[in-house]
There are 2 protein chains.
Amino acid sequence: MDEKYVKQLLEMEGQELKLTEKKVNILVAAIEIFAEKGYSATSTSEIAKRAGVAEGTIFRHYDSKKDLLLGITKPAILKMVVPYFASQMVEEVFKDEITSFDGVLRAFITNRIEFVRKNIPLFKIVLQEIAFHNELQETFQESFLNQILPKISETIYIAQKSGRLKDFSIPTTLRFIMSTVMGFIITRFLIMPEAEWNEKEEIDNMVECIMNGISKNN
Amino acid sequence: MDEKYVKQLLEMEGQELKLTEKKVNILVAAIEIFAEKGYSATSTSEIAKRAGVAEGTIFRHYDSKKDLLLGITKPAILKMVVPYFASQMVEEVFKDEITSFDGVLRAFITNRIEFVRKNIPLFKIVLQEIAFHNELQETFQESFLNQILPKISETIYIAQKSGRLKDFSIPTTLRFIMSTVMGFIITRFLIMPEAEWNEKEEIDNMVECIMNGISKNN
DNA sequence: GCATAATATGAGTGATTACTCACTTATATA
DNA sequence: TATATAAGTGAGTAATCACTCATATTATGC
């Protein structure tokens, strides 16, 4: 993890991140150890040691240990959830070319797999800690549920109206898609990262399964 | 949670659980707080306080805090994974009546939903802590991967040979099924427990989606 | 090159941690 | 009833916790 990558990853919209070398070290060390043993089981002294920094330095940059966690995870959630759907291009594809619903689905799956591959520890931290920290749930709520979900819902709705998708409720359809994709990503990167994977084939299978599962029969 | 239920739930095969009233209180309190704030963030003094017990009493029954966690989660994993498939009845249905693959699937889904509904805190603890504790991963490995998975695999294999299921690899087919079911259970009981759910309909939809997803087209 | 500010340090803080142990109380056995 | 075993107690332990602060180092602007 180099400085620029960490910086752009952890930048929240509207505010820039000031990064000294030591602060980058702290962030990288915290991400590593939080992912390894969980937030609560991680001590600030251990973070400082791995970062090659005095313990006090952590608290010069972050008010508290929890503040450090949020400084890492909040922007991570935003980058995980928002950017793919936020791009205008995708939105257009979604709305205009309903025939290529499966193409958009494949692009979405591929894109999110690549994002997680580059950010496995961050992905693990968010998955673990979102259950216990209200602020993270709110961040997820504000980004995914309020911004992204309405767009996806509209797309599914249009596809249903056009007669291509079954009239499962939209949450049900969406949950079916997300379960399949998350199930693969978690198995691929967290449960069995060492196994040999034919990702191209697995993606094909997922798209096929999902489309057959939610499409109307001819 | 009454004593008998806790007892049969936390009993490992081959060894009985000796339960005094105070020990039950400790177990119930530990399950509650572990689920609320996570294992690492929970202190033994807090468990003792909620259980109405001296802190030393915990360590009379369990060698360590981790021993208490394992005493709760190891049997919980076994009961979550094994019992449904272990019953001879189900095994027979699986093998003989391939035509009712979807019926077996529906029965499995319903059965596991009911189990989780009765054990939400335990389910949450296992889901959270299995990532960090090797012993839990081994317990899962020994029960699911070594005992149950071969049986399921055989069933899927037979259904594929008979020409009803697509020739996705067995892990892929199984992951597709488990992702869908786990996705629903996690959404239903952990993410949105307060929402109104039409479970019967959701189960129907899941079965339909899965069967369409993995079945051969006519 | 000097002044000012930003960054970094690490010993020190009180609180809390998991766990111990000498002791008391309850239960079972003979 | 006497005795042995098991269950329960709570004050006490050293270690560790997140966090502070006076001081030291480094970077920046003039």
Side-chain angles (χ1 to χ4, degrees), chain A residues 3 6-7 10 15-34 36-73 125 128-129 132-136, chain B residues 3 6-7 10 15-34 36-73 125 128-129 132-136:
Chain A
E3 178 179 339
V6 172
K7 184 172 175 180
L10 298 185
Q15 44 188 319
E16 249 202 287
L17 250 196
K18 271 195 298 179
L19 284 188
T20 65
E21 189 195 337
K22 306 249 170 189
K23 186 164 178 178
V24 174
N25 292 346
I26 291 169
L27 286 167
V28 171
I31 291 171
E32 283 176 12
I33 309 182
F34 284 163
E36 278 168 28
K37 14 199 292 188
Y39 166 75
S40 278
T42 301
S43 69
T44 49
S45 72
E46 191 180 356
I47 296 171
K49 192 187 277 180
R50 183 167 320 183
V53 144
E55 204 174 342
T57 308
I58 294 175
F59 293 95
R60 191 140 302 270
H61 292 286
Y62 296 94
D63 290 343
S64 63
K65 184 184 157 193
K66 175 144 186 178
D67 191 43
L68 172 58
L69 174 73
L70 297 182
I72 289 170
T73 48
I125 296 170
Q128 285 288 334
E129 300 303 330
F132 299 121
H133 305 276
N134 227 279
E135 302 90 334
L136 295 185
Chain B
E3 177 180 338
V6 172
K7 185 172 174 179
L10 299 186
Q15 45 189 319
E16 248 201 289
L17 248 197
K18 272 195 298 178
L19 284 188
T20 65
E21 190 195 335
K22 305 250 170 188
K23 186 164 177 180
V24 174
N25 292 346
I26 291 170
L27 286 167
V28 171
I31 291 171
E32 283 176 12
I33 310 180
F34 284 162
E36 278 168 28
K37 12 201 294 187
Y39 166 76
S40 279
T42 301
S43 70
T44 50
S45 72
E46 192 181 356
I47 296 172
K49 192 187 275 180
R50 186 171 312 189
V53 143
E55 204 174 343
T57 308
I58 293 175
F59 294 96
R60 188 142 305 273
H61 293 287
Y62 298 93
D63 290 344
S64 65
K65 184 184 157 193
K66 175 145 187 179
D67 191 42
L68 171 59
L69 174 73
L70 297 182
I72 288 170
T73 47
I125 296 170
Q128 285 287 334
E129 301 302 330
F132 299 121
H133 304 276
N134 228 280
E135 302 90 333
L136 296 185

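Proteins get letters first, then strands, A, B, ... in listed order; numbering begins at 1 in each. Heavy atoms only: backbone and side chains are in, while hydrogens, waters and symmetry mates are out.
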Main-chain N/O of A:Ala54 paired to A:Lys22 side chain as donor or acceptor, under 3.5 Å: no
For A:Thr44 and A:Glu55, which I'm curious about, is there any donor-acceptor pair between the side chains at under 3.5 Å? yes
How many angstroms lie between OG1 in B:Thr42 and CD in B:Glu32, if you round to the nearest 0.5 Å? 11.0 Å
Just wondering, do B:Leu27 and B:Tyr62 contact through their side chains at under 4.5 Å, heavy atoms? yes
Reckon A:Thr44 touches a base, only the sugar-phosphate, or nothing at all at heavy-atom distances under 4.0 Å? base
Report, one pair per line, the protein and nucleotides 7-9 of chain C atoms (nitrogen or oxygen only) whose separation is under 3.5 Å.
{"from": "C:dA8", "atom 1": "OP1", "to": "A:Thr20", "atom 2": "OG1", "distance (Å)": "3.2"}
{"from": "C:dA8", "atom 1": "OP2", "to": "A:His61", "atom 2": "NE2", "distance (Å)": "2.7"}
{"from": "C:dA8", "atom 1": "N7", "to": "A:Arg60", "atom 2": "NE", "distance (Å)": "3.1"}
{"from": "C:dT9", "atom 1": "OP1", "to": "A:Lys22", "atom 2": "NZ", "distance (Å)": "3.0"}
{"from": "C:dT9", "atom 1": "OP2", "to": "A:Ala54", "atom 2": "N", "distance (Å)": "3.0"}
{"from": "C:dT9", "atom 1": "OP2", "to": "A:Thr57", "atom 2": "OG1", "distance (Å)": "2.7"}

B:Glu46 CD to C:dC19 P: how many Å, rounded? 16 Å
From the 5' end of DNA chain D to its 3' end, which nucleotides mark the outer limits of contact with chain A, defined by a 4.0 Å heavy-atom distance cut-off (strictly under)? D:dC17 to D:dA22
Quick one: B:Leu19 CG to C:dT27 C1', roughly how many Å, whole number? 17 Å
Tell me, do B:Ile47 and B:Leu68 make a side-chain contact under 4.5 Å, heavy atoms counted? yes
Nearest whole Å is fine: how far is C:dT17 C1' from B:Lys37 NZ? 13 Å
Find the distance A:Phe59:CZ to C:dT13:P and express it as a whole number of Å. 17 Å
Indicate, with a heavy-atom threshold strictly under 4.0 Å, whether B:Ser40 touches base, sugar-phosphate, or nothing. nothing
Beyond-backbone contact of B:Thr20 with B:His61, side-chain heavy atoms, under 4.5 angstrom: yes
For B:Glu129, side-chain contact (heavy atoms from CB on, under 4.5 Å) partners two or more places apart: B:Tyr39, B:Leu69, B:Ile125, B:Phe132, B:His133, B:Leu136
side-chain N/O B:Ser43 vs C:dT16 OP1/OP2, d < 4.0 Å: no
Just checking B:Lys49: does its NZ atom have more than 12 heavy atoms from other residues, nucleotides or ligands closer to it than 6.0 angstrom? no
